[in-house]
Peer 1: 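Quick one: the structure is below, questions incoming.
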Amino acid sequence: MLNTRKKLKILSSMNMVLPLITLCAATACTERSGSDKSTINTTVHKEDTLQLTKSAEQHTPLLDIKDIKQAYANTNKELIDDQLDSTTFKYSCKDEKNGTVSYFTKNGKLKLIVHRYNEYDHFSAVDRYFVKDSTLFFTYHTNVTWSFENGPEGSTKDNIKENRTYLIAEKPIKCLEKKFTIHSKASSNPDPESIPNRDVNCQSAEIVLKPYHILTKYRFKPTADCLE
């Protein structure tokens, strides 16, 4: 599993271009629930890169995909420039699900929530929620399911899925998905940057909003138990 984590980190590093980040793909082991601001600050995808032309302080409504990308870029730049404050708590749910929730704010206003968690050893995920003027406008979810496979001793594979959701007035207007597999003992693996996102049908807004609202509930009242 250590080899798997190293490969994923190397692949993420190959994708780095500033100023945008879409944050690293989660690794495959159970120790992936910790909050790591430096990791969040240093992983990007070319497809999300956008010139930062507007002030992050503008309180203008988001009307289309371009506006959403710009707001996303502004938040990531603030994160990179260390302009955001953060608080974090960890929880454990019946030893079945463990996670870390981090809240990033500016002048007391919520800008980003990062939820890292793992379940039953073979699954881990990172969910990111981008917020402007108290309204969720973009989510980016990465999950990894790993398993052993035939091959040299200790061979494993990580099935990785990324989902992006663009929202206006907290209603999904565009949804993207990307899937790829990393083999721990392979001589080469696919470059995630070269794998295109594909448009998928957006699910009900509630699918996105329910976990987001659960996380916001614990912003000022963190818990060590299950998130409900």
Peer 1: Could you measure the distance from the SG atom of Cys175 to the CG atom of Asn197? Nearest 0.5 Å is fine.
Peer 2: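 Those atoms lie 11.5 Å apart.
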
Peer 1: Could you check if a side-chain atom of Lys217 sits within less than 4.5 angstrom of a side-chain atom of Arg219, using non-hydrogen atoms only?
Peer 2: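 Not in contact.
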
Peer 1: Does NZ or CZ of Lys111 lie under 6.0 Å from the centre of the six-membered ring of Phe104, at an angle within 45° of the ring axis?
Peer 2: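 No, Lys111 does not sit over the ring of Phe104.
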
Peer 1: Judged by atom type as modelled, is there a donor-acceptor pair below 3.5 Å linking the side chain of Trp146 to the main-chain atoms of Asp121?
Peer 2: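 Judged by distance alone, yes, a pair lies under 3.5 Å.
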
Peer 1: Do His183 and Asn189 have side chains that approach each other closer than 4.5 Å (heavy atoms only, starting at C-beta)?
Peer 2: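 Yes. Closest side-chain heavy atoms under 4.5 Å.
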
Peer 1: Could you give the distance from SG (Cys202) to CD1 (Ile173), rounded to the nearest 0.5 Å?
Peer 2: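 If I round to the nearest 0.5 Å, the distance is 8.5 Å.
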
Peer 1: Is a side-chain N or O of Asp64 found less than 3.5 angstrom from the main chain of Lys66, in a donor-acceptor match?
Peer 2: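 Judged by distance alone, yes, a pair lies under 3.5 Å.
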
Peer 1: Verify, without hydrogens or angle tests, whether Ser184 (side chain) and Thr156 (backbone) share a donor-acceptor contact under 3.5 angstrom.
Peer 2: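 At least one qualifying donor-acceptor pair exists.
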
Peer 1: Please find the pair of heavy atoms, one from Val208 and one from Thr139, that lie closest to each other, and give the distance.
Peer 2: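 Looks like CG1-CG2, 3.5 Å.
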
Peer 1: Side-chain heavy atoms nearer than 4.5 Å, only ILVMFWY residues, links allowed to pass through others: does that put Leu176 and Val200 together?
Peer 2: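 Unlinked, Leu176 and Val200 end up in two clusters.
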
Peer 1: Using ring centroids (six-membered ring only for Trp), state whether His115 and Tyr218 fall under 6.0 Å.
Peer 2: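 No, the ring centres sit 6.0 Å or more apart.
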
Peer 1: Would you sort out whether Lys174 and Asp199 count as a salt bridge (Lys or Arg N to Asp or Glu O under 4.0 Å), showing the intermediate values?
Peer 2: CA-CA 8 Å; Lys174 184 179 181 65; Asp199 284 284; 2.7 Å; yes

Peer 1: Using a 3.5 Å distance criterion without hydrogens, assess whether the side chain of Ser194 forms a donor-acceptor pair with backbone atoms of Pro190.
Peer 2: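 Not confirmed, Ser194 side chain does not pair with Pro190 backbone.
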
Peer 1: Do the side-chain N and O atoms of His141 and Asp127 include a donor-acceptor pair separated by under 3.5 angstrom?
Peer 2: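 Distance-only check passes for His141 and Asp127.
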
Peer 1: Output the distance between atom CG (Leu112) and atom CG (Leu84), rounded to the nearest 0.5 Å.
Peer 2: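 Rounded to the nearest 0.5 Å, the CG-CG separation comes out at 7.5 Å.
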
Peer 1: For Ser86 and Ser102, does a side-chain donor sit closer than 3.5 Å to a side-chain acceptor?
Peer 2: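 Judged by distance alone, the side chains do not pair up.
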
Peer 1: Go through the steps for Glu162 and Phe180 under the test side chain to side chain contact (heavy atoms under 4.5 Å, CB included), then give the verdict.
Peer 2: CA-CA 9 Å; Glu162 301 176 358; Phe180 55 97; 3.8 Å; yes

Peer 1: According to the interplanar angle, ranging from 0 to 90°, do the rings of His122 and Phe148 count as parallel (below 30°), tilted (30 to 60°) or perpendicular (above 60°)?
Peer 2: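 Rings of His122 and Phe148: perpendicular, as their planes differ by over 60°.
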
Peer 1: For the atom pair CZ (Phe137) and CD (Glu170), what is the distance rounded to the nearest 0.5 Å?
Peer 2: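 If I round to the nearest 0.5 Å, the distance is 11.5 Å.
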
Peer 1: Got a second to check how far Leu79's CG is from Asn74's CG, nearest 0.5 Å?
Peer 2: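 Those atoms lie 12.5 Å apart.
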
Peer 1: For the residue pair Glu206 and Pro211, what are the closest heavy atoms and their distance?
Peer 2: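 Between these two residues, the closest heavy atoms are O-CD, 4.2 Å.
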
Peer 1: Ignoring hydrogens and geometry beyond distance, is a side-chain donor-acceptor pair present between Thr145 and Asn159 at under 3.5 Å?
Peer 2: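 No, no side-chain donor-acceptor contact under 3.5 Å.
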
Peer 1: Measure the CD-CG distance between Glu177 and Asn163 for me, rounded to the nearest 0.5 Å.
Peer 2: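 It comes to 4.5 Å.
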
Peer 1: Tell me, do Ile195 and Asp191 make a side-chain contact under 4.5 Å, heavy atoms counted?
Peer 2: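 They are not in contact (no side-chain heavy atoms under 4.5 Å apart), so the answer is no.
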
Peer 1: What is the minimum heavy-atom distance between Val101 and Ile113, and which atoms define it?
Peer 2: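 What the structure gives for the nearest pair is CG1-CG2, 4.0 Å.
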
Peer 1: Would Tyr140 and Val126 count as a side chain to side chain contact (heavy atoms under 4.5 Å, CB included) if you check the C-alpha gap in whole Å, the side-chain angles of each, and the deciding distance to 0.1 Å?
Peer 2: CA-CA 8 Å; Tyr140 174 51; Val126 183; over 6 Å; no

Peer 1: Other residues, nucleotides and ligands only: do more than 12 of their heavy atoms fall within 6.0 Å of CD on Gln203?
Peer 2: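 Open: at most 12 neighbouring heavy atoms sit under 6.0 Å from CD of Gln203.
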
Peer 1: May I ask you to decide if Ile68's main-chain N or O and Lys132's side chain share a donor-acceptor pair within less than 3.5 Å?
Peer 2: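 Absent.
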
Peer 1: Within a strict 4.5 Å, meaning less than it, do heavy atoms of the Cys226 and Lys94 side chains meet?
Peer 2: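 In short, these two side chains touch, coming nearer than 4.5 Å.
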
Peer 1: Give me the one residue out of Tyr129, Tyr72, Tyr212 that meets ring-ring contact (aromatic ring centres under 6.0 Å, His included) with Phe138.
Peer 2: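 The single option meeting the ring-ring contact (aromatic ring centres under 6.0 Å, His included) with Phe138 is Tyr72.
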
Peer 1: State, with a plain yes or no, whether a side-chain heavy atom of Gln83 is found less than 4.5 Å away from one of Lys106.
Peer 2: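 Result yes, sub-4.5 Å side-chain heavy-atom pair found.
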
Peer 1: Tell me if a side-chain donor or acceptor on Asp158 pairs with a main-chain N or O of Ile182 at a distance below 3.5 Å.
Peer 2: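 Here the side-chain-to-backbone pair does not exist.
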
Peer 1: For residues Lys69 and Tyr166, report the shortest heavy-atom separation together with the two atoms involved.
Peer 2: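 In this case the closest contact between Lys69 and Tyr166 is CE-OH, 3.8 Å.
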
Peer 1: Under a 3.5 Å threshold, yes or no: a donor from one side chain and an acceptor from the other, between Thr105 and Asp85?
Peer 2: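 Asp85 and Thr105 do not have a side-chain donor-acceptor pair below 3.5 Å.
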
Peer 1: Starting from Ile207, can I reach Ile214 by hopping between I/L/V/M/F/W/Y residues whose side chains sit under 4.5 Å apart?
Peer 2: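 No: no chain of side-chain contacts under 4.5 Å links Ile214 to Ile207.
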
Peer 1: Please tell me if the side chains of Thr223 and Phe89 come closer than 4.5 Å, counting only heavy atoms from C-beta onward.
Peer 2: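 Yes, their side chains come closer than 4.5 Å.
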
